[in-house]
Each structure stands twice: as structure tokens, then as C-alpha cells.
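First up is the structure itself, then whatever we jot down about it.
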Amino acid sequence: MTLKTKTWWERGIIYQIYPLTFADSNGDGVGDLQGIIQRLDYLNDGNPNSDTSLGIDAIWLSPINKSPMFDNGYDVSDYREICPTFGTLEDFDELIREAHQRGIKVILDLVVNHTSDRHDWFVESRSSRDNPKADWYLWQEGYKDNPPNNWLSYFGGSGWTFCPERGQYYFHTFNANQPDLNWRNPDVREEVFDIIRFWLDRGVDGFRLDASSAYSKDKYFRDNPLKFASSDKNDYNNYHHLYEKNLPENHEIVREIRQVLDEYDDRLLVGETFIDNTLYDSIAFYGANNDELHLPFTFEFAFSPWYPGHLQREIERKELLTPQGAQPVYFWDNHDIPRHLSRWVDCSLCVDSMAIAMAAATLLLTVRGTPVLYYGQEIGMVDYDDIPPELSRDKAIAPSPSGEVPERRDGARTPMQWDDSPQAGFSFGKNPQPWLPVHPNYKEVNVAAQLRDPRSLLNFYRRLVALRRDSEALLWGRLRTLIHYPYEHLAYLRETDDEMVLVVINFSYEKPLILDIPIERQGWKLLISARDRRVNSYREETGTTIDIPEKLDAFEILVLQKV
Ligand code: GLC
């Protein structure tokens, strides 16, 4: 296939924006759509040779619909409105226009497993047993003064909440403020499909379906079986979610959503398939005929420990299982999990986060699949773990029954660090308190400083993005691993019939390493390299022809193209 016949998302890199903390244009401390518009040039100014742009191809916005913000937008109260916090529909149209002018696609988060309990549909549904929306949510009688069955909420406690007006319980996969829709009801389906068309008509290029393996529930509401000898601290994980996740009917729903997208040209359907899922469950979301999600987010790669053997196994498993004609998708971070540098620094010998960050960047942008970046990852932002509880914004997760303080997700959602001015250039003005506090390392870790430094992580990402864009092998060449049991390093090839690219990453933090790989060593062009913890010095000038070295330095990274 040639570059032209591939779709934008098979070529492209997606960048996730958390709108609440990306850029605040009006100084109220909260991010907004105009803020995003002002920062579009940083993401991609439309010039492939730009000195300042990252060069990504699409932005995915965490939810911007009207919401009481109990779960920070993942609780929608009006699907056809923009939350006033972020701006107006006019601002949104402007964002689409400005993004498209620069060649950036726009993907929205679509949260339709559940709504907010403030949504008019739920307000009506809960009001009586016989109103027109009575059957839009999952209502059941209790069982002997107890909830109808043993289904739990992912955020803690029973998944059922009693509603005195109806004398019945309603089900919620997440918090009680997020009642699950009844997808068996055809009116619900049609309404959601219309909402999808509403945004597609406005020029949206795709959706990320939130909790897309949770839509459909057992019609007999049977109890979930307990897992054998499982003692996870989130009780939710001690059950097999046989009867409220991943049901066969769920695939039917996703297929129908895909059909709505296919009424339009070139739109993308990504989905979050994570709750209690195995890789097989997630892969099933491509659909029997590649007719469900284009890209199902699977979490195994991100959750792998930072060891070459684990990472290679995850890559190989994905290579084996991804159906013909479908494309894998990879990410390290998102708004629900700690950032990768914060995750790994404790669990590996790699104490040098800059070296880990560069290796992670190289991997993400050179494996076969669509890469998804999370805002700030390109400058090495880490979690801010010391946010005082009174400033926490993550209210949806319930305390555990033992009273244990839940793990909040705020740490990975702090304001984007643009520069070293107060509030890191995220916000300005009189309001001293951004939505979440800025990470104290912003004076050193910020976009402006890293753009000035040719050896910064940001410039390393920019170079990798550019390399990937110009190489068919890196875009969709076959992936062949060169080491059977990688212990300290990874080495793999990306190949098309005309091009061969070799990627080598030494994970070892102190030792040089003999590089023993079954491949001709002479005649490789150096595409990019890095070595020497922290220093990020390049072995040779990029573009020179070299032989594959016998030894790799500590943390050395090489990307070479066969001449
Ligand atoms: C998804 C979102 C998460 C949210 C939950 C409920 O997992 O990524 O942020 O809290 O769904 O909507």
C-alpha cells in the first residue's frame, strides 16, 4: 500500500487533551476551548518543517459536554451542549475550523454507558414507574431489602442505589451520580445515534467511546461469580464480570455505532475496553469483520512493568492477535492512570527518568500501530502526588468500606506546563488557584525551556514524530523482534519491501552491552540516537552511514535505516 491509500488514523498520532487543565484563555483557572485554539500551533502548525510544533495529527478531547462535573465531564447532562466552563458551540465550531486548517483531526469523548443523574432523561425516568423515559435506565426491584443482585460499582460499593420515588434500585457501573443507560431500549439507541450524527455533522472526525465494554447487561440480572482465591483491594476485581461486561450484545451495539460513523467519510471509532478485560476480550472489539472499533484501547502494554521481556511479550501478543487489516494502538498514559514516569521509577533499576522517557518515546513511536500521547508526556511531566485532599477534584471514586482513602486520579491531571511564569503559563490573571495545582517542577519542566534546548525530551519527541511521518517502514512495516528472551535490551526491525528500520534500546542503567543480533552490521543510516543518562548526546551526526556497533552504552537508543 502507498501512503495515500491509508487513512489519517493509520498514519497519524493522536494527542489526548484534558481540557480542564490544558490551557486557560480567560484567567478563571480552568482550561477552555479558546485556550486549546491558542495552543494549536504548538501541536501542529501545519508546516511539516516547523521548528516549534510537535507534529501530531489528531486531538482527542476528554469530555466537553454540559456536565455537573461530578466525574469531571464523564457525567453528561446535555449531549448537544458544550459545558459553559469550556465555552460555547461557536467556540467549538471555531476549534474544528482552526484545527482542520492545520491538518489536525478532532476526536470527542462520547460517554454513553451512563449519563449524569442531573440529565433530564434521568430526572424524568426516576420520577415514576410509568413516565415516557421510565425504561431508559436499569431499574430493578430489591431482593428482601437488599439490592437486586451482587453487581458492584467500579468506584466502590454496590452498583445499585435505591430511589424512593420509584421504590426501586437503579444500576451504575461507576458512581451513583452516573446511572447506566438501558441499551436494550431502542429509543435510547436511536437517541444516541442522533447525538453522534449531530457532532459528525459539525465536522467531528471521530469518537472515543467511554467504557464501551459496559453497555450491555444480562437481561435476567444474574449474580456475578466470585473469582477463586482473589483478594484485590478493589472488591470489584474479585468478581468475574460475566453478566454486566463484554456481553455478546455489547458487540452488536458497537457495530451499530460504527455503522452510524460509516455513513460519513473517514471517521474514527476508538473505544475504551478495559474493565475486567483480557487482551482477547479487547481484540474482539475490532469485530468479526473489522466492523466495530477501529482502535480498541487495551491496557496490557501500558500496565507492563518497565522490563524489556514484558514489553516485548505484550508487543508480540498484540502482533499475533490483531486481525488482518486492522491496526494496533499503543499508549503509555491517560487521565485515569499515573503517568508512566511516575509508575516506573520505583519498579525498575532505571533511576534516570530522562533516559526512561526517551526509551518510552522511542518504543511508542516505532512499534507498529497508532500512538496516542497524553498531554505533557512529551516534556516528561510526572504525577503531582502531594495535592492536599481539600484541593482534590476526583470526587467520583468512593472511599473503600474500610475507610481507606481511595487512590485519586488528580496527580496525572495537573495543568500543562507551558513555561516558567506563574501557573506555568496554563492560566493567568487574578485567580491564584488553577483548577488543580501546578506541579512544582514547572520551572525546569516546561515547553518553552525544552523548545530552546536541542537535547530536550520535547525535541527528541519532535524528531521521532518527523521520522515516523517520513518512513513507510515505521508507519506500517512488519514488526520482527530480533531477541528471543530480551533481558536488558530490545531490538526489532520494521520492514516493508523497500525499507528496513532497526530499533535498539538498551534498558540497562549502568552497563554497556554486547549487541548480538542476527543481522548484517554494515551500511546503516543513523536516523536518531541517544545515550548516556541525562546527557542525551548523540553518537554520530544524524544522517551519517555507520555500522551497527558491537557494544551499546548504558541507556543507548539507536534507530537505523538500512542503506
Ligand atoms: C472511563 C473514564 C474515566 C471515568 C469513567 C466513568 O473509565 O476514562 O475517567 O471516570 O469512565 O465515566
Side-chain angles (χ1 to χ4, degrees), residues 14 16-22 31 60-77 79 83 107-119 122 137-138 151-157 159 161 170-181 183 192 195 207-215 217 234 236-237 241 244-246 250 254 270-277 281-282 285 293 295-299 302-303 329 331-339 372 374-375 383 392-399 406-414 435-436:
I14 300 173
Q16 181 187 357
I17 290 179
Y18 198 65
L20 288 158
T21 48
F22 189 66
W60 147 31
L61 306 179
S62 276
I64 53 170
N65 292 132
K66 195 163 172 213
S67 160
M69 292 283 163
F70 189 77
D71 190 12
N72 304 323
Y74 286 92
D75 48 332
V76 175
S77 57
Y79 289 94
C83 199
I107 301 166
L108 290 187
D109 217 312
L110 187 68
V111 188
V112 288
N113 170 68
H114 48 270
T115 69
S116 159
D117 62 347
R118 310 261 181 93
H119 197 295
F122 188 72
Y137 294 82
L138 297 160
W151 297 355
L152 296 179
S153 152
Y154 185 71
F155 286 164
T161 291
Y170 66 90
F171 181 68
H172 45 91
T173 298
F174 298 96
N175 196 277
N177 304 58
Q178 297 165 295
D180 281 29
L181 283 164
W183 274 89
V192 172
I195 288 164
F207 295 96
R208 175 255 190 197
L209 299 180
D210 184 69
S212 57
S213 51
Y215 295 153
K217 320 288 186 302
N234 182 355
Y236 187 92
N237 296 326
H241 295 275
E244 29 68 285
K245 299 280 137 39
N246 280 317
N250 206 105
V254 175
V270 188
E272 182 196 35
T273 59
F274 84 104
I275 297 176
D276 201 43
N277 279 19
D281 295 324
S282 299
F285 276 94
L293 300 176
L295 302 175
F297 281 146
T298 62
F299 281 66
F303 286 162
V329 53
F331 61 92
W332 290 129
D333 294 347
N334 70 28
H335 62 292
D336 289 328
I337 56 180
R339 289 177 180 272
V372 184
Y374 182 54
Y375 81 98
D383 278 23
S392 166
R393 297 285 184 171
D394 194 10
K395 301 174 290 248
I397 301 181
E407 270 175 38
R408 306 259 180 224
R409 297 167 292 180
D410 297 312
R413 299 173 175 179
T414 58
W435 189 75
L436 276 175

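Counting begins at 1 with the first residue of the sequence. Every number for a ligand or one of its atoms is a count from 1 in the order of the listing.
- Partner Trp151 forms a ring-ring contact (aromatic ring centres under 6.0 Å, His included) with one of Tyr170, Phe171, Tyr236 and no other, that one being Phe171.
- Among protein heavy atoms, atom 9 (O) of ligand 1 sits closest to Asp336 OD1, 2.7 Å.
- Proximity to Asp71 (heavy-atom distance under 4.0 Å) selects the following atoms of ligand 1: 4 (C), 5 (C), 6 (C), 10 (O), 12 (O).
- Contact annotation for Phe174 and ligand 1: only side-chain heavy atoms (C-beta onward) come within less than 4.0 Å of the ligand.
- One finds no salt bridge joining Arg393 and Asp410 here, because no Lys/Arg side-chain nitrogen approaches an Asp/Glu carboxylate oxygen to under 4.0 Å.
- Using a 4.0 angstrom heavy-atom cutoff, Phe155 counts as in contact with ligand 1.
- Remark: aromatic rings of Phe122 and His172 are distant, center separation not under 6.0 Å.
- Close approach of ligand 1 to Arg409 is summarised as follows: ligand atoms under 4.0 Å from at least one heavy atom of the residue are 3 (C), 4 (C), 9 (O), 10 (O).
- Using a 4.0 Å cut-off to heavy atoms of His114, the atoms of ligand 1 that qualify are 6 (C), 12 (O).
- Heavy atoms of His172 come nearer than 4.0 angstrom to ligand 1 in no pair at all.
- Side-chain N/O atoms of Thr21 and Tyr375 include a donor and acceptor closer than 3.5 Å.
- Cation-pi geometry between Arg408 and Phe155 is not met: the NZ or CZ atom fails to fall both under 6.0 Å from the ring centre and inside 45° of the normal.
- When hydrogens are left out, the protein atom nearest atom 2 (C) of ligand 1 is Asp210 OD1, 3.0 Å; that is the closest non-hydrogen contact.
- Scanning the protein heavy atoms around atom 7 (O) of ligand 1, the nearest turns out to be Glu272 OE2, 2.8 Å.
- Between Arg413 and Asp336 there is a salt bridge, with a side-chain nitrogen of the basic residue lying less than 4.0 Å from a carboxylate oxygen of the acidic one.
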Quick one: do Asp109 and Tyr74 satisfy side chain to side chain contact (heavy atoms under 4.5 Å, CB included)? Show the steps, please.
CA-CA 9 Å; Asp109 217 312; Tyr74 286 92; 2.7 Å; yes
